[in-house]
Number of protein chains: 2
Amino acid sequence: MKFAKIPMATITRLSVYMRTLQDLLEDDVDVISSERLARLCGVNPAQIRKDLAYFGEFGVRGVGYRVGDLLGQIKDILGLTRRWNLAMVGLGNLGSALVRHANFLKHGYTFTAAFDVDPQKVGKRLPNGLLINHVNEIEEVVKDRDVNVGIITTPASAAQSVANQLVLAGINGILNFAPVQIQVPDCCHVENVDFTISLDTIAYHLSVSG
Amino acid sequence: MKFAKIPMATITRLSVYMRTLQDLLEDDVDVISSERLARLCGVNPAQIRKDLAYFGEFGVRGVGYRVGDLLGQIKDILGLTRRWNLAMVGLGNLGSALVRHANFLKHGYTFTAAFDVDPQKVGKRLPNGLLINHVNEIEEVVKDRDVNVGIITTPASAAQSVANQLVLAGINGILNFAPVQIQVPDCCHVENVDFTISLDTIAYHLSVSG
DNA sequence: GAAGTTATGTGAATAATATCACATAACTGT
DNA sequence: ACAGTTATGTGATATTATTCACATAACTTC
């Protein structure tokens with residue numbers, strides 16, 4: 001691939017470009033300029049070119065980018081040409097909704113395991129047929145079903161313990177929806193999603209500007 | 001409130017500090033150093049001090065920060081000492097789960113309106129008693145119930161049209177869960193939440209590192 | 001096939017952000 | 001009240017990220 005140090009922000013944006021390119025492909029657009037793509041993604045055109053330049057030359061000067069090609073290249077860069085198996089830990093309102101949420105499937109992610117501690121839930125099946133295991137079966141089930149990424153939607157109090165078990169089971173990617181900073185070894189990559197933080201920044205902006 | 005230009009990243013972190021301080025308060029910790037708080041929040045201690053310095057001096061040298069005081073100060077900075085009313089637009093899996101999600105309430109946010117287009121849903125009430133209105137009633141209802149922030153959890157295809165209506169209704173803060181870049185006038189502040197992007201960055205990290 | 005047009009790729013310039021390092025101020029104990 | 005200790009507040013420095021600006025390459029037209 002490439003050996004320069006890639007800015008984290010670049011990776012995030014590649015994912016945004018990918019989404020937009022997917023839409024464009026569905027609309028049968030086959031060539032797009034960095035300028036137009038930039039407008040659609042809400043970024044600067046030079047930014048897009050710089051981001052892509054970290055990985056190679058994917059465009060045609062004077063023309064633009066072939067939508068299908070670029071989409072394929074970005075998927076390749078992000079490692080999305082293979083299958084990724086997910087485990088959902090915590091099947092409350094949010095966890096249940098996310099398992100059902102179409103976007104994961106659309107992007108090639110598959111839930112192969114689900115966990116909770118509630119005896120009412122353990123042993124039952126989700127609408128998609130997935131069996132709910134008990135959280136203390138994580139290690140066994142994760143290995144068995146080749147889970148690559150764990151998604152934590154437990155209460156904050158349980159998140160660290162769940163993270164520990166996921167790491168122990170050999171997982172090194174965690175998407176954390178619990179509103180705590182979980183501690184993991186360096187081998188494990190954690191992404192936090194906390195929409196109350198986003199809401200707070202909105203509140204701040206409204207407070208100072210209006 | 002302040003006069004220097006505040007980095008966006010600072011605001012985001014203030015919200016993180018706030019969460020942690022809230023937990024500390026519940027645990028009856030009354031003083032904390034930037035170093036310990038930093039560890040809990042996963043940031044650099046100097047970062048915390050710098051962030052706070054934009055707004056004043058809140059600590060005691062040689063001692064640390066009084067947890068309760070600092071919490072109050074940050075809430076004040078972020079504009080969270082008042083009430084914020086939310087409207088949920090789109091009551092699919094995700095929207096319904098979020099309305100029920102305890103975190104919003106915990107942070108002082110209140111849902112005062114909910115919208116959908118599905119005739120099956122319009123006219124019904126959510127578990128919390130909130131009446132579901134039709135999306136084309138947004139302007140009227142938003143004004144009537146003093147909604148400050150709109151949350152969009154519609155399919156991507158509907159997001160822009162919903163955003164337009166929210167703006168028209170006088171809303172200038174939007175939390176967007178739909179996987180599209182919505183266009184709004186400058187007066188309106190949009191925060192995007194897209195967990196498939198977070199998942200993609202995890203996939204990337206797993207791909208390059210092992 | 002030469003001139004004109006367009007949009008990429010990229011070094012240089014700028015801006016934003018994070019970290020260091022230490023002077024400063026508040027507590028503690030003698 | 002003074003010396004010792006601790007942790008803040010902040011200027012200086014380092015790092016990272018974004019934008020500009022233009023040379024370069026591919027297509028188009030005459």
Side-chain angles (χ1 to χ4, degrees), chain A residues 2-17 20-21 24 29-71 73-74 77 181 197 201 204-205, chain B residues 2-17 20-21 24 29-71 73-74 77 181 197 201 204-205:
Chain A
K2 228 311 183 72
F3 304 113
K5 210 180 147 286
I6 314 296
M8 198 45 220
T10 290
I11 301 303
T12 308
R13 280 189 299 264
L14 285 180
S15 179
V16 175
Y17 305 157
T20 304
L21 289 167
L24 289 168
V29 178
D30 46 60
V31 172
I32 189 156
S33 65
S34 60
E35 188 173 329
R36 203 148 90 75
L37 183 58
R39 206 170 10 246
L40 291 171
C41 296
V43 301
N44 182 295
Q47 185 78 79
I48 293 185
R49 302 200 295 273
K50 255 279 147 72
D51 285 338
L52 295 174
Y54 285 110
F55 302 97
E57 304 196 2
F58 307 117
V60 183
R61 297 186 187 203
V63 178
Y65 300 90
R66 308 227 65 214
V67 172
D69 287 1
L70 185 56
L71 182 57
Q73 297 279 7
I74 292 180
I77 291 166
Q181 191 66 28
I197 292 179
T201 70
Y204 169 78
H205 280 279
Chain B
K2 77 314 82 147
F3 309 111
K5 210 185 147 282
I6 314 297
M8 200 43 221
T10 290
I11 300 304
T12 308
R13 279 189 302 264
L14 285 180
S15 179
V16 175
Y17 307 157
T20 304
L21 289 168
L24 289 167
V29 178
D30 47 59
V31 172
I32 189 153
S33 65
S34 61
E35 188 173 332
R36 204 148 90 71
L37 183 58
R39 206 169 13 245
L40 291 170
C41 297
V43 302
N44 182 294
Q47 184 78 81
I48 293 185
R49 301 200 295 275
K50 254 284 149 70
D51 285 339
L52 295 174
Y54 285 111
F55 302 97
E57 304 195 2
F58 306 118
V60 183
R61 296 183 188 207
V63 179
Y65 300 90
R66 309 227 65 217
V67 172
D69 287 0
L70 186 55
L71 182 56
Q73 296 280 7
I74 293 181
I77 291 165
Q181 191 67 27
I197 291 180
T201 71
Y204 169 78
H205 280 279

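First the proteins, then the strands, lettered A, B, ... as listed; each starts at 1.
Residue B/E57 has its side chain nearest to D/dG9 when only C/dA18, D/dG9, C/dG9 are considered. Each of C/dA25, C/dT8, C/dC27 was ranked by its minimum atom distance to the side chain of B/V63; first place goes to C/dC27. Listed nucleotides: C/dA7, C/dT24, D/dA17. Nearest to the side chain of A/S33: C/dA7. Considering only side-chain atoms of A/A46, the nucleotide from D/dT19, C/dA18, D/dT10 that sits closest is D/dT19. Side chain of A/V60, nearest nucleotide from C/dT17, D/dT18, D/dA26: D/dA26.
Straight-line distance from the CZ atom of A/R13 to the C1' atom of D/dT19: 11 Å, rounded to whole Å. One atom, CD1 of A/I32, and another, C1' of C/dT6, lie 15 Å apart when rounded to the nearest Å. Taking atom CZ of residue B/R61 and atom P of nucleotide C/dC22, one finds them 16 Å apart after rounding to whole Å. For the pair A/L37 CG and C/dT8 C1', the interatomic distance rounds to 13 Å; values are reported in whole Å. One atom, CG of B/L52, and another, P of D/dG9, lie 7 Å apart when rounded to the nearest Å. Protein atom CG of B/N44 is 14 Å distant from nucleotide atom P of D/dT15, rounded to whole Å.
Among the protein residues, A/R36 comes within range of no part of the nucleic acid, since none of its heavy atoms lies under 4.0 Å from any strand. Using a 4.0 Å heavy-atom criterion, one finds that B/A53 contacts the sugar-phosphate atoms exclusively.
The two atoms that bring A/R49 and A/S34 nearest to each other are NH1-OG, 3.0 Å, heavy atoms only. Annotation for B/V31 and B/V67: closest pair N-CG2, 3.9 Å, computed over non-hydrogen atoms. Nearest heavy atom pair, residue B/L14 against residue B/F55, reads CD1-CE1, 3.7 Å.
Residue-to-nucleotide contacts include no donor-acceptor pair under 3.5 Å from the side chain of A/K50 to the base of C/dT10. The base of C/dG9 sits within donor-acceptor range of the side chain of A/R49, with an N or O pair under 3.5 Å.
Here A/R39 contributes atom CZ and A/N44 contributes atom CG; the two are 12.0 Å apart, rounded to the nearest 0.5 Å.
For the pair B/I77/B/Y54, no side-chain contact is recorded, criterion being any heavy-atom separation below 4.5 Å from C-beta on.
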